[in-house]
Amino acid sequence: LPSSKIALLIDFDNVILGVEDPGFDVELVVNAMRSRNVIVLERASETGASHHRHRRKLMEQGFELVETPVFGPVIKNSADIRIVLDGFEIAMSQGHIDTFCLVSGDSDFLPLIKKLQYLGKNVIVIAGQKFTSELVRRNCNEYIAYENLFAERLGATEDLGAIEGAYALLDRAISTLNE
């Protein structure tokens, strides 16, 4: 997409659950999208539960942090609803944005994905493989496994989603250690 203007929306509560050690690095996501074109809007939504150590990095990358207040014991979907409303509002009011990158594998976002596509928007999903709904993978325009972004940073070219790719990476790591 040569002239893409990207809105990058992060469901931070989902990301923290869905990305295993060494943990989530927002810079990997931002760099992956910047390599495609211009990010014109960045928002990270959270319930504020336990992500204080990531806030500085998010702010350094230019993110608007949207904390969703939680009332009562149930916190499920608090940030999700905010992201859906923000995504829809951005799609309706910012016509120059043609690509949405949603960083979450939560199937609750399927209606947003379909509505954005209906409005002519391209939807990219970045999320951890184990926590990404198959419905989300099949219905977005492009799915990027966070683990593959991490592996690329380490110089790997294998698709870690395929068992062959994981074995190839393991074999390469063992060879490197032996050398």
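For the numbers below, each heavy atom of this structure counts, side chains included, while hydrogens, waters and symmetry mates do not. No experiment lies behind these values; they were computed from the predicted model shown. This chain uses plain numbering: 1 for the first residue, then up along the sequence.
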Please examine the side chains of [Y] and [X], heavy atoms only from C-beta on, and report whether any two atoms are closer than 4.5 Å.
| X | Y | result |
| --- | --- | --- |
| P111 | V84 | no |
| I90 | F100 | yes |
| T99 | N141 | no |

In one Ile/Leu/Val/Met/Phe/Trp/Tyr side-chain cluster, 4.5 Å: [X], [Y]:
| X | Y | value |
| --- | --- | --- |
| L116 | M92 | no |
| L110 | V123 | no |
| I10 | I144 | yes |

Residues which pass side-chain hydrogen bond (donor to acceptor under 3.5 Å, both in side chains) with N31, listed by chain and number, not counting sequence neighbours: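 Result, side-chain hydrogen bond (donor to acceptor under 3.5 Å, both in side chains) vs N31: none returned.
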When you measure from the side chain of [X] to the backbone of [Y], do you find a donor-acceptor pair of N or O atoms at a distance under 3.5 Å?
| X | Y | result |
| --- | --- | --- |
| S4 | I6 | no |
| Y143 | A127 | yes |
| Q129 | E147 | no |
| R137 | V125 | no |
| E142 | N122 | no |

Gap between atom [atom2] of [Y] and atom [atom1] of [X] - 0.5 Å precision:
| X | Y | atom1 | atom2 | answer |
| --- | --- | --- | --- | --- |
| L112 | L85 | CG | CG | 9.5 Å |
| N139 | E134 | CG | CD | 9.5 Å |
| D98 | K5 | CG | NZ | 8.0 Å |
| S104 | D80 | OG | CG | 6.5 Å |
| L28 | M33 | CG | CE | 11.5 Å |

Crowding at NZ, K115 (>12 non-hydrogen neighbours, <6.0 Å): no
Nearest heavy-atom neighbours spanning V136 and G105: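 Looking at all heavy atoms of both residues, the shortest contact is CG2-O, 3.9 Å.
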Heavy-atom pair of closest approach, residues A32 and S35: O-OG, 2.7 Å
Steps toward side chain to side chain contact (heavy atoms under 4.5 Å, CB included) verdict (V103, L8): CA-CA 8 Å; V103 183; L8 179 53; 3.7 Å; yes
